[in-house]
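Everything quoted here is computed from the prediction, not taken from an experiment. Order of the sequence lines fixes the chain letters, A, B, ..., with proteins taken first and strands second; residue numbering starts at 1 for each chain.
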Amino acid sequence: MLSNRPLRPKKQMYNNYYLVDTNEALNKLISELNQADAFAFDTETTSIDAMQAELVGLSFSTIPGKAYYIPVGHESGTHLEINSVISKLKPLLEDSNKGKIAHNGKYDMAVLANHGIEMKNLACDTMIAAYLLGEKSLGLKVLALAKLNIEMTPITTLIGTGTKQLTMAQVNIAEASKYACADADITLRLAQLLQPELENQGLMQLFTEVEMPLVPVLLQMEMTGVKLNANYLNTLSQSMQQQVYDLETRIYNSIGHQFNVNSPQQLAAVLFDELGLRNTKKRSTDAKVLEGLKGLHPIVNFMIEYRRLSKLKSTYVDALPLLINHKTGRIHTSFNQALTATGRLSSNKPNLQNIPVGKEIRQAFTPSKNCLFLSADYSQIELRIMSHLSQDKELISAFLNNEDIHTQTAAKVFGVDKSNITADMRRVAKVINFGVLYGMSSYGLEQATTLSRKEASQFIDTYFSKYAGVKAYTESTIKEAEEKGYVQTILGRRRYIPGINASNYQVKSEAQRMAINMPVQGTASDIIKVAMIEIQQKIISLELKTRMILQVHDELVFEAPQNELMEIRSIVQEIMPSAINLSVPIKVDIKIGKNWGEMELS
DNA sequence: GGCGTCACG
DNA sequence: ACGTACGTGACGCCG
């Protein structure tokens, strides 16, 4: 297949790039920045990790094709002294009337924060703009080629690769200057190109009122971090190590030889070939398969427990303490705002959005001295959103009347009065309610319950006859996707669904499920993002010491001094439910605790 | 670097 | 008849 890339030649980088290494030149640049409404900038540093990065230089651009580089941290060559540069730039960067344009501005803001600059007014982050526009690759260099047809020099040309890789501080100033100026220049040009596209696609409000104001909120959360009780985890690790060792021994004894218990392939050989245990379809050894093999051989229960323990130990108990920052003594996750297909955030290094529920691990997360944790989570937010988007009468009335939604669904699909719903019936109904959000199939429902395919199929039919609005909504959403090629949230966030008109059944079905789920999951994300921005504004305006520290999709966790607890509780209880108006009330549950593992409703 | 597995919402 | 639940990130194995 031929490349989609335009055949016209790459544009030449005609440009005026200037090195700023005298006070005169710096003053001239500052006056130019002062006269501009907005400017693009970029930082050069010694590390991709903002918490470790040392500032090497800054580049600025106010006019396409023209840029300046201020070296401040090169190991050789002469340049201005870093602190004098910082103090001269600080007023401009902290001026909230001066718009800043950057590519992944959260990173640059973190670097500046480490030099005492609290940057204000990130007006356009080109990485996030590209994300909202559905660009597949968000790197500056790739976007420059794709959107501007400009081929930029990769950083490896300057610093090399592998173990011999240099840092920017070791690159000579003239080379670094050209590179850094191009970054600021291209960022500015991209902003000028992408902003009209946002406008055309109805994404500008989402961009300027949600995504851009969210950046400093996330930065604050990342920089604050969270305290971790490493001593506790280290002790826990030792006792887990003993248990893991004991389980390994029992596993080997049960079959008479050793093997690598961590190898699914070797385990499959033991279970299916050697022991001849029931071998359904593939050679999967996942938890569900093991669950089905229970009682057939002693190894099965040992393996189930071994998997649980080794997962907790390797992923959390052992890994988390290693990520404690030596300067702050806390762990600092990184939130990715431009990754998911639905608009959710993601969290990495470490991922604090998948810490196991329950006391054992979570109690290791503790508040600072004299503080408590307060967590606030949206109750059944996605079903409430489904009721709003679908305008289904029965779903809406359930939430308006504060009914137990799973009990109501159970009553409808089982055809039984609410007073006669058993725990089992409610459990099935809960799975069905979730299934609706995912574009459920009879097979999916069968797998998630003990129902047969036929029963599952009947329940789905009954569900859609009782909640006709939901059925109509899923059908119209799929239709919209087929016609437009994308679906959207309440704030206009889009997800393009390329497979929606595919002839392949499987591709098409997957696309349909994505189309059904994204507006729901994405709207939940819109709502919590708005709430985060408003809560943070309130915290700042009231000069509270409370800090927002985590977001786990439908939950916010705060660290609050004892004497601010009641105030932050009422702020959160005021703002979260009213962040975006739906056709149904939004409910928020608040818990307070002395660690993340022992939170109690408040 | 892809795959299987499993932690979360 | 088709053959799956939606969205993530981290770990260990294997090649």
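For A/Y438, the listed nucleotide lying nearest its side chain is B/dG9; candidates were B/dG9, C/dT8, C/dC14. The side chain of A/D554 sits closest to B/dG9 out of C/dC11, C/dA10, B/dG9. In this structure, the nucleotide among C/dA10, C/dT4, B/dG9 sitting nearest to the side chain of A/Y443 is C/dT4. Nearest nucleotide to the side chain of A/V357, out of C/dA10, B/dG9, C/dC14: B/dG9. The side chain of A/T315 lies closest to C/dC11 when the candidates are C/dA5, C/dC11, B/dC6. For A/M440, the listed nucleotide lying nearest its side chain is C/dA5; candidates were C/dA5, C/dG3, C/dT8. Side chain of A/S263, nearest nucleotide from C/dC13, C/dG7, B/dC6: C/dC13.
Among the heavy atoms of the strands, none lies under 4.0 Å from A/E510. A/N260 comes within 4.0 angstrom of sugar-phosphate atoms only, judged by non-hydrogen atoms across all strands, and of no base. Note on A/A524: nothing from the nucleic acid sits closer than 4.0 angstrom, heavy atoms only. Within 4.0 Å (heavy atoms only), A/I355 reaches sugar-phosphate atoms of the nucleic acid but no base atom. Contacts of A/M514 with the nucleic acid, taken as non-hydrogen atoms under 4.0 Å apart, involve only primed sugar atoms and P, OP1 or OP2. Using a 4.0 Å heavy-atom cutoff across all strands shown, A/L345 reaches no nucleic acid atom at all. Within the nucleic acid shown, A/G439 has no heavy atom closer than 4.0 Å to any nucleic acid atom. Note on A/V289: nothing from the nucleic acid sits closer than 4.0 angstrom, heavy atoms only. Here A/Q521 lies in heavy-atom contact (under 4.0 Å) with a base. Using a 4.0 Å heavy-atom criterion, one finds that A/N354 contacts the bases of the nucleic acid, with or without backbone contacts as well. Residue contacts shown for A/V520 are absent, as no nucleic acid heavy atom lies under 4.0 Å away.
The shortest distance between the side-chain N/O atoms of A/S347 and the OP1/OP2 oxygens of C/dT8 is not below 4.0 Å. Distances shown here put a side-chain N or O of A/R307 below 4.0 Å from the OP1 or OP2 atom of B/dC6. Remark: A/Q353 is not in phosphate contact with C/dG9, judged by side-chain N or O atoms under 4.0 Å from OP1 or OP2. Here A/Q266 reaches the OP1 or OP2 of C/dC14: one of its side-chain N or O atoms lies under 4.0 Å away.
A/K313 and A/Q241 form a side-chain donor-acceptor contact under 3.5 Å, judged by distance and modelled atom types alone. When only modelled atom types and interatomic distance are considered, A/R307 and A/T285 share a side-chain donor-acceptor pair under 3.5 Å.
Across the strands present, C/dA1 finds no partner; the criterion is a Watson-Crick or G-U wobble pair with both atom distances under 3.5 angstrom. Remark: C/dC13 base-pairs with B/dG2. Criterion, Watson-Crick or G-U wobble with two distances under 3.5 Å.
Computed from coordinates, the A/N351 CG to B/dG9 C1' distance equals 11 Å when rounded to whole Å. Rounded to whole angstrom, the span from the CD1 atom of A/I385 across to the P atom of C/dC6 amounts to 18 Å. Spacing between atom CG of A/N348 and atom P of C/dG7 amounts to 19 Å, rounded to whole angstrom units. Distance CG (A/L290) to P (B/dG4): 15 Å, rounded to an integer number of Å. Between the CZ atom of A/R308 and the C1' atom of C/dC11 there is a distance of 17 Å, rounded to whole Å. Taking atom NZ of A/K288 as the reference point, atom P of B/dC6 lies 11 Å away to the nearest angstrom. Atom pair A/L312:CG and C/dG12:P shows a separation of 13 Å (rounding to whole Å applied). Regarding A/Q447, its CD atom lies at a distance of 10 Å from the C1' atom of C/dG3, rounded to whole Å.
Contact of A/Y505 with C/dG3 (side chain to base): a donor-acceptor pair of N or O atoms is detected under 3.5 Å. In terms of polar N and O atoms assigned as donor or acceptor, the side chain of A/R513 comes within less than 3.5 Å of the base of C/dT4 in a complementary pairing. Scanning atom types as modelled, one donor and one acceptor separated by under 3.5 angstrom connect the side chain of A/S441 and the base of C/dT4.
Comparing C/dA5 with B/dG2, their C1' atoms are spaced 23 Å from each other, to the whole Å. Taking atom C1' in both C/dC2 and B/dT5, the straight-line distance is 27 Å, to the nearest Å. C/dG3 and B/dC8 have their C1' atoms separated by 26 Å, with the value rounded to a whole Å.
Although no hydrogens or angles enter the test, the distance criterion places a donor-acceptor pair under 3.5 Å between the side chain of A/K529 and the main chain of A/G343. Counting only distance, with no hydrogens or angles, the side chain of A/N517 and the backbone of A/L437 share a donor-acceptor pair below 3.5 Å.
Across A/L374 and A/I568, no two heavy atoms sit closer than the pair CD1-CG2, 3.9 Å. Annotation for A/M518 and A/R493: closest pair CE-O, 3.8 Å, computed over non-hydrogen atoms.
With A/L491 as the fixed residue, the side-chain contact (heavy atoms from CB on, under 4.5 Å) test singles out one of A/I527, A/T523, A/V210: A/V210.
A/V436 is not listed as a side-chain neighbour of A/Y467, based on a closest heavy-atom distance of 4.5 Å or more.
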